[in-house]
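Written out below as structure tokens is the structure these notes cover.
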Protein chains: 2
Amino acid sequence: MLASTISQARSPTHPFGAGHPTFPSPCDSQRPQLVAFRQAGEEIYAAGDPVKHIYRVEYGAVRVFRLLADGRRQISAFHVAGEIFGFEARLDHEFFAEAINATGIRPLRLAAIEDVSRDLFPVALQSLTAMQKHLLILSRHAAIERLAAFLVDMAERQGDLDQIHLPMSRMDIADHLGLTIETVSRTFTRLKELGLIQLPDSRNIEILRRNALNDIGE
Amino acid sequence: MLASTISQARSPTHPFGAGHPTFPSPCDSQRPQLVAFRQAGEEIYAAGDPVKHIYRVEYGAVRVFRLLADGRRQISAFHVAGEIFGFEARLDHEFFAEAINATGIRPLRLAAIEDVSRDLFPVALQSLTAMQKHLLILSRHAAIERLAAFLVDMAERQGDLDQIHLPMSRMDIADHLGLTIETVSRTFTRLKELGLIQLPDSRNIEILRRNALNDIGE
DNA sequence: CGATTTATTGAAATAAATCAAACATTGTGG
DNA sequence: CCACAATGTTTGATTTATTTCAATAAATCG
């Protein structure tokens with residue numbers, strides 16, 4: 001279903017076998033293929049396409065989304081370098097995936113079917129965890145809480161640095177957080193005025209008070 | 001992670017092996033144990049407890065939730081008879097599970113670890129699907145859209161009947177949809193005034209215009 | 001450099017939260 | 001069985017936050 005954020009290893013003693021003792025990497029059963037390139041905005045897969053691969057982001061960034069009947073776009077996840085996405089629960093994709101900028105993606109071939117569930121299981125667990133985090137963000141009412149949580153998450157995924165680069169537009173962020181672009185923009189300004197972040201430019205954030213930011217987003 | 005709605009079988013040809021050819025049931029590797037009973041409000045497991053089982057609801061209803069720093073409660077899922085829950089991504093529960101009313105739950109013992117991922121994989125996929133549905137609901141801004149989607153989902157899980165029984169309180173619904181009890185209550189009234197539902201009493205809903213309700217929640 | 005897209009800011013409208021009270025339901029004890 | 005308390009639900013008035021509509025500013029692209 002929702003493709004999500006997978007990059008670290010898991011505990012080797014999970015009762016559900018997530019950390020299978022002989023499990024070398026989250027994607028053992030998929031033999032790497034050539035890296036494919038996508039320009040900004042180019043499609044990786046579309047809703048309705050059969051699920052044939054999962055993918056690793058080599059560089060760049062990806063958005064995974066669905067389009068609703070009223071034309072709204074719900075971005076269920078962003079993926080940056082090192083992360084695996086494309087994991088869905090059905091035969092055909094329910095989501096679209098697009099490159100946000102110039103992006104390299106490596107399709108991972110699915111091996112023999114009897115091995116897939118074993119090897120892909122930890123990936124599924126990671127997807128569950130990432131989705132749960134997003135669900136938690138959306139359950140927060142206030143725009144400032146959603147944005148703060150989003151920024152903290154992005155910082156963590158970029159090596160816990162205080163300098164964050166946002167590969168996505170305000171529109172993308174709005175569609176991810178269930179807000180409008182105006183509210184996202186105003187909330188960035190508010191975080192700046194509160195002294196929690198700096199905004200060298202709209203795509204680069206410097207976190208000044210990480211703890212305070214964390215507290216707002218919980 | 002999020003325990004969720006599992007009751008039907010899946011397609012037997014999923015590329016990720018969800019429909020493993022020789023896969024007899026979602027929980028083959030768990031030998032059923034005795035049914036345990038819980039009064040309304042009684043705990044099934046708590047955050048921090050080690051994950052030892054997953055559970056099937058025999059009768060009654062269960063809420064799975066987490067408590068946030070500010071005291072808010074986020075209910076990530078409800079489970080009714082026939083559904084399996086308790087599936088989480090970590091060694092210890094991140095969530096609490098409680099009986100909503102008098103409820104029977106059957107702990108399913110986890111079998112040998114090498115079989116678990118194979119047998120539990122479809123359960124994980126179902127959890128992903130259910131969570132995705134909830135995420136979609138929360139991404140909707142309007143209270144009426146969230147409640148409509150919730151009611152349609154509950155109706156589907158009760159055999160697609162137009163008579164829905166809600167085992168949970170307004171407070172539970174509010175904590176699930178990210179709204180307040182007052183807004184939930186007002187929105188029920190609004191749906192009634194729009195002629196989409198009847199409210200014989202607060203726990204029993206009759207859907208009058210299913211299609212219209214569907215359209216609102218998408 | 002001009003044109004187009006993207007981001008920010010402002011003012012007004014709107015929806016939900018909050019504060020508060022009434023009402024209904026359930027259960028308890030007299 | 002009734003009175004009463006406790007809990008849960010609905011409704012009302014007000015406040016607050018976000019959306020919407022509109023305009024300006026900044027960045028990007030050819």
Side-chain angles (χ1 to χ4, degrees), chain A residues 39-41 61 63 68 70-75 100-102 137-148 150-151 165-194 197-205 216, chain B residues 39-41 61 63 68 70-75 100-102 137-151 165-194 197-205 216-217:
Chain A
Q39 297 296 329
R63 61 178 163 249
L68 308 183
D70 62 358
R72 280 187 333 116
R73 183 182 64 158
Q74 180 208 18
I75 294 180
I100 294 176
N101 333 90
I137 288 178
L138 287 183
S139 79
R140 313 272 358 195
H141 305 157
I144 197 168
E145 295 172 344
R146 293 188 185 182
L147 189 59
F150 172 72
L151 290 177
H165 176 72
L166 299 178
M168 71 291 286
S169 68
R170 295 289 187 263
M171 175 68 88
D172 284 336
I173 296 171
D175 288 348
H176 187 52
L177 300 183
L179 302 169
T180 61
I181 44 176
E182 294 96 330
T183 300
V184 170
S185 185
R186 276 186 254 266
T187 307
F188 269 116
T189 303
R190 196 136 57 102
L191 288 174
K192 189 177 68 179
E193 287 168 352
L194 288 169
I197 63 171
Q198 278 291 100
L199 277 172
D201 66 274
S202 68
R203 298 296 183 97
N204 288 290
I205 315 294
I216 290 177
Chain B
Q39 298 295 329
R63 61 178 163 250
L68 308 183
D70 62 358
R72 281 187 332 116
R73 184 182 63 158
Q74 179 207 19
I75 295 181
I100 294 176
N101 335 87
I137 288 177
L138 288 182
S139 79
R140 313 270 3 195
H141 306 156
I144 197 169
E145 295 173 342
R146 293 188 185 182
L147 189 60
F150 172 72
L151 291 177
H165 176 73
L166 299 177
M168 71 291 287
S169 69
R170 295 289 186 260
M171 174 71 86
D172 284 336
I173 296 172
D175 287 347
H176 186 53
L177 300 183
L179 301 169
T180 61
I181 43 176
E182 293 96 331
T183 299
V184 169
S185 184
R186 274 185 254 267
T187 306
F188 268 116
T189 303
R190 196 136 59 100
L191 287 173
K192 189 177 69 180
E193 287 168 352
L194 288 169
I197 63 170
Q198 278 292 100
L199 278 173
D201 66 273
S202 69
R203 298 297 184 100
N204 289 291
I205 316 293
I216 289 177

**Prompt:** Which one of A:Arg73, A:Gln74, A:Arg170 satisfies the side-chain hydrogen bond (donor to acceptor under 3.5 Å, both in side chains) criterion with A:Asp175?
**Reply:** A:Arg73
**Message:** Rounded to whole Å, how long is the line connecting atom CZ of B:Arg140 with atom P of D:dT19?
**Reply:** 13 Å
**Message:** Less than 4.0 angstrom between a side-chain N/O of B:Thr189 and OP1 or OP2 of D:dT11, yes or no?
**Reply:** yes
**Prompt:** Starting at CD1 of A:Ile100 and ending at P of C:dT5, how long is that distance when rounded to a whole Å?
**Reply:** 20 Å
**Under 4.0 angstrom between B:Ser169 side-chain N/O and D:dG8 OP1 or OP2** = no
**Message:** What is the separation between atom CZ on B:Arg170 and atom C1' on C:dA24, rounded to the nearest whole Å?
**Reply:** 12 Å
**Request:** Please check the phosphate of D:dT9 (OP1 and OP2 only) for any side-chain N or O of B:Arg186 closer than 4.0 Å.
**Result:** no
**Request:** For B:Ser185, report the nucleic acid contact type (base, sugar-phosphate, nothing); a contact means any heavy atom under 4.0 Å.
**Result:** base
**Message:** Less than 4.0 angstrom between a side-chain N/O of A:Arg203 and OP1 or OP2 of D:dA26, yes or no?
**Reply:** no
**Complete:** Among C:dA16, C:dA17, D:dT9, the one nearest any side-chain atom of B:Ala143 is C:dA16
**Message:** Checking the side chain of B:Thr187 only, and the main-chain atoms of B:Thr183 only, is there a donor and an acceptor separated by less than 3.5 Å?
**Reply:** yes
**Message:** Can you measure B:Asp201 atom CG to C:dA24 atom P for me and round it to whole angstrom units?
**Reply:** 14 Å
**Message:** Looking at A:Thr183, I'd like to know whether one of its side-chain N or O atoms comes within less than 4.0 Å of OP1 or OP2 on D:dT18.
**Reply:** no
**Message:** Looking only at the side chain of B:Glu182 (C-beta and beyond, no hydrogens), which of the listed nucleotides D:dT20, C:dA20, C:dA16 gets closest?
**Reply:** C:dA20
